[in-house]
Amino acid sequence: MNGTVVAIDGPSGSGKSSTAKAVAKRANWKYLDTGALYRAATLIAIENNVSQAWEIIAAIKKNPIFFNSDPKDPRILIGDRDVSADIRSQRVTDNVSQISQMPELRSYLVDLQRNIIEQAPHGIVVEGRDIGTVVVPEAALKIFLYADLAARALRREAELSGELDRESVAKSLDNRDLADSTRKTSPLRPADDALELDSTLLSLDEVIDVIWEWLSRKNLLGLPKIAVIGRPNVGKSTLVNRIIGRREAIVEDTPGVTRDKVKYEAEWNGRTFILIDTGGWEMAPEGISEKITAGSESAINEADVVLFVVDAQVGALDEDSALLELLRKSHKKVVLAANKVDGPSEEALAHTLWNLGLGEPRFVSALHGKGAGDLLDYLVSVLPEVGSEQADDGYRRIALIGRPNVGKSSLLNILAGESRVIVDDAAGTTRDPVDELIEIGGSTWRFIDTAGIRKRANQDSGTDYYASLRTATALERAEVAVVVFDASTPLTEQDLRIVTMVEDAGRALVIVMNKWDLVDEDRQIQIDKELERNLERYPWAQRVNVSALTGWHRDRLAPALRTAINSWEKRVPTSKLNSFLGALVAATPPPVRGGKQPKIRFATQAAICPPKFVVFASEFVETGYRRFIERRLREEFGFPGTPVEVAVKVKERE
């Protein structure tokens with residue numbers, strides 16, 4: 001599923017439809033009334049005078065059911081005929097329970113429902129029966145909405161506009177409840193992890209407020225995104241750093257330092273949002289600038305609000321006007337920031353930007369901070385309440401690291417099946433860490449593409465220095481580091497230093513030998529020797545040989561990642577650990593030191609991520625014996641793909 005799914009189950013008349021539509025409108029998500037699909041199928045059965053499941057399915061295939069999932073205008077069609085009103089008739093209501101209990105028909109309609117849900121890009125609220133238990137049991141939030149019979153009858157009477165009196169409606173609902181509770185296929189019941197909500201005494205607004213609070217607590221409300229767009233060297237990255245309150249985005253006087261679009265989480269006055277820093281947009285880009293400009297345009301498409309940055313000291317150039325036309329075609333909310341307004345003279349120049357037709361230019365000096373607070377006040381005031389970016393989506397975080405030009409970005413693009421980040425023959429094309437959600441091996445992973453780590457960066461400035469800092473931060477955020485080597489060239493000291501950096505950070509490790517398509521049989525033998533000689537400390541590392549150019553063996557990466565993560569999070573029961581340790585020490589006691597024989601008393605696993613074991617002994621234990629314990633731990637319990645730490649704590653007998 002692409003976005004957040006909220007599943008609302010409950011008996012007829014409990015307010016599912018009104019609630020689901022209202023929540024979907026507020027979140028700007030899609031909406032699906034699954035009951036309407038069953039009603040449409042019932043209408044088809046009645047109109048075609050068929051009663052068997054296979055006959056109804058055949059009739060549906062001739063006249064397919066379509067559902068318009070816009071919560072502001074939800075409509076259901078049979079073929080090209082709008083039947084939204086027809087399916088609410090009493091004849092459909094009297095027959096829908098019987099029709100909906102046909103297993104073959106239910107299975108067919110469940111597939112249809114899931115297909116609609118899959119097409120919701122950001123989120124969808126699905127209401128009906130069996131949503132949380134059958135249709136989308138993996139929904140992020142499951143709600144069982146109910147009310148007493150009198151309240152439900154009152155609501156349904158209002159919906160039917162006087163077609164039936166309240167007593168008849170109540171009787172019909174009571175019969176529906178009995179039928180639902182005794183269904184053989186799937187009796188109506190809450191999902192095991194559903195949150196139950198009694199709406200009997202609550203107004204619609206109160207019900208929505210409760211659900212909104214649940215969504216907030218579960219961190220399911222997407223964050224709005226602001227794309228920072230402009231020509232090269234107008235101060236976009238400086239402004240990004242000012243907004244997020246730290247030096248994250250690379251800043252230099254040279255145009256074109258920022259290349260890929262980079263996302264940062266920011267907060268102002270209690271509002272959290274995603275800021276997308278982009279490379280400079282150019283009207284007639286050439287070479288790598290074409291890819292940078294394409295990335296800027298992609299950021300515009302995914303943003304909720306665009307922050308258009310113009311250099312107030314220079315004024316609007318032809319390139320700004322051309323970019324403005326692109327922004328107008330996007331139909332996105334655009335906020336104009338007049339940057340580099342450091343004094344009265346620049347303010348006078350900045351007033352000419354009214355001519356762009358974007359309303360009031362927001363004066364700001366990104367370098368000195370002047371006007372930044374006012375700009376942020378305005379930005380958060382125009383942000384939608386809910387955006388499309390999840391603050392903490394729960395996906396596993398994988399950092400791609402390695403020397404420059406070993407193929408990290410190419411690997412990310414081949415895994416994604418499309419160009420997500422800029423790839424160029426020039427070493428060092430990637431400057432900032434770039435997050436991308438990619439589905440491989442049946443799971444979605446958050447890959448973080450990083451800049452190539454060079455031998456030595458300037459101590460406190462320069463592009464390489466900033467890129468090195470960003471890479472270290474990306475490694476801290478990650479759970480697994482995929483260290484990419486160029487298989488066509490000999491291993492270097494820098495390759496080995498990067499592997500050591502991963503071990504020191506305590507991250508799980510997968511080694512990828514890229515460019516395997518360029519390697520002949522002799523080189524393959526040589527690679528094995530190089531790895532055995534230079535990485536003798538890391539025999540536990542998972543290894544995958546791939547070609548990022550052709551995609552060869554890319555399917556082997558996901559199993560290696562899963563193995564590494566499982567080992568990274570593995571915990572050994574204390575009883576098994578001490579049983580193993582007792583047998584080990586009995587067979588091979590620790591060496592005597594200073595005339596004393598250390599006694600191993602017991603051990604415990606102190607932590608996971610990565611696994612850390614503490615051995616309690618009467619005396620200091622030699623480093624070599626600790627490594628011996630680690631080797632035997634791995635032989636006994638596994639731990640492929642993760643570093644393991646064995647510490648010894650001296651504990652005198654009390």
Side-chain angles (χ1 to χ4, degrees), residues 7-21 24 30-53 55-71 73-117 124-131 134-135 145 152-153 155-161 163-164 168-169 171-180 183 185-186 188:
I8 303 181
D9 287 346
S12 180
S14 58
K16 299 187 304 295
S17 179
S18 300
T19 300
K21 280 187 283 189
K30 298 296 185 180
Y31 160 73
L32 174 60
D33 175 5
T34 62
L37 301 180
Y38 285 101
R39 286 176 171 272
T42 303
L43 181 62
I44 288 174
I46 293 171
E47 291 182 341
N48 288 272
N49 194 28
V50 292
S51 58
Q52 300 298 314
E55 295 175 314
I56 301 172
I57 293 172
I60 293 174
K61 289 180 178 178
K62 288 182 181 179
N63 292 283
I65 299 172
F66 297 98
F67 190 87
N68 176 34
S69 53
D70 181 355
D73 184 28
R75 287 176 291 112
I76 191 158
L77 295 87
I78 298 176
D80 57 0
R81 177 167 63 107
D82 189 336
V83 296
S84 303
D86 296 339
I87 63 171
R88 301 296 172 185
S89 66
Q90 192 59 43
R91 62 174 182 162
V92 170
T93 299
D94 290 341
N95 290 278
V96 66
S97 288
Q98 179 182 353
I99 295 293
S100 65
Q101 291 188 56
M102 298 177 178
E104 298 89 347
L105 179 61
R106 289 177 61 79
S107 178
Y108 180 83
L109 291 179
V110 165
D111 288 341
L112 176 59
Q113 294 164 41
R114 288 174 177 162
N115 183 54
I116 296 171
I117 293 167
I124 187 168
V125 185
V126 190
E127 58 98 351
R129 293 189 182 90
D130 307 330
I131 304 304
V134 177
V135 182
L145 187 66
R152 289 159 50 206
R155 294 166 186 168
R156 182 50 55 88
E157 181 188 24
E159 289 177 8
L160 294 174
S161 303
E163 289 183 27
L164 291 174
S168 299
V169 172
K171 184 176 180 180
S172 175
L173 290 174
D174 197 27
N175 290 335
R176 291 279 301 275
D177 289 348
L178 179 62
D180 288 337
R183 274 187 296 167
T185 52
S186 179
L188 178 63

Taking all non-hydrogen atoms of both residues, which atom of Ile56 and which atom of Ala41 are closest, and how far apart?
CG2-O, 3.9 Å
Value rounded to 0.5 Å, distance of OG1 in Thr42 from CG in Asp94:
11.0 Å
Using side-chain heavy atoms (C-beta onward) and a distance below 4.5 Å, is Arg91 in contact with Leu43?
yes
Atom CG in Asn49, atom CD in Glu55: separation rounded to 0.5 Å?
9.0 Å
Once rounded to the nearest 0.5 Å, what's the spacing between atom OG of Ser100 and atom CG of Asn95?
10.5 Å
OH/Tyr38 to CD/Gln101 distance, rounded to the nearest 0.5 angstrom?
11.0 Å
One should read off an interatomic distance between Lys62 NZ and Ile44 CD1, to the nearest 0.5 angstrom, of 12.0 Å
Under a plain distance cut-off of 3.5 Å, with no hydrogens placed, do Arg39 and Thr93 share a side-chain donor-acceptor pair?
yes
Is Glu127 close to Leu145 at the side-chain level, that is, under 4.5 Å between some pair of heavy atoms?
no
Does Met102 reach the side chain of Tyr108, with side-chain heavy atoms less than 4.5 Å apart?
no
Quick one, Gln113 with Leu37, criterion side chain to side chain contact (heavy atoms under 4.5 Å, CB included). Give me CA distance, side-chain angles, the key distance, then yes/no.
CA-CA 8 Å; Gln113 294 164 41; Leu37 301 180; 3.3 Å; yes
Taking all atoms of both residues into account, what is the closest heavy-atom pair of Ser84 and Asp82, and its distance?
OG-OD1, 2.7 Å
The reported gap from CD1 in Ile8 to OG in Ser14 (rounded to nearest 0.5 angstrom) is 9.0 Å
Can a donor-acceptor pair be found, under 3.5 Å and without considering hydrogens, that links the side chain of Ser107 to the backbone of Glu104?
no
Around atom CD of Gln98, are there more than 12 heavy atoms from other residues, nucleotides or ligands closer than 6.0 Å?
no
Nearest heavy atoms of Ile65 and Ala40, plus distance in Å:
CD1-CB, 3.9 Å
Is there a side chain to side chain contact (heavy atoms under 4.5 Å, CB included) between Val92 and Arg88 once you walk through the steps?
CA-CA 7 Å; Val92 170; Arg88 301 296 172 185; over 6 Å; no
Any donor and acceptor pair, going by atom type alone, linking the side chain of Lys16 with main-chain N or O of Pro11 inside 3.5 Å?
yes
Asp9 to Ile131 - nearest heavy-atom pair and separation:
OD1-N, 2.8 Å
Looking at Leu105 and Ala53, what are the two nearest heavy atoms and their distance?
N-CB, 4.1 Å
Give the minimum heavy-atom separation between Ile116 and Phe67, together with the two atoms involved.
CD1-CB, 4.0 Å
Does Asp80 have any salt bridge (charged side-chain N to carboxylate O under 4.0 Å, His left out) partners at least two apart in sequence or in another chain, and if so, which?
none
Just so I know, are the side chains of Ile78 and Asp86 near enough to count as touching, which here means a heavy-atom distance under 4.5 Å?
no
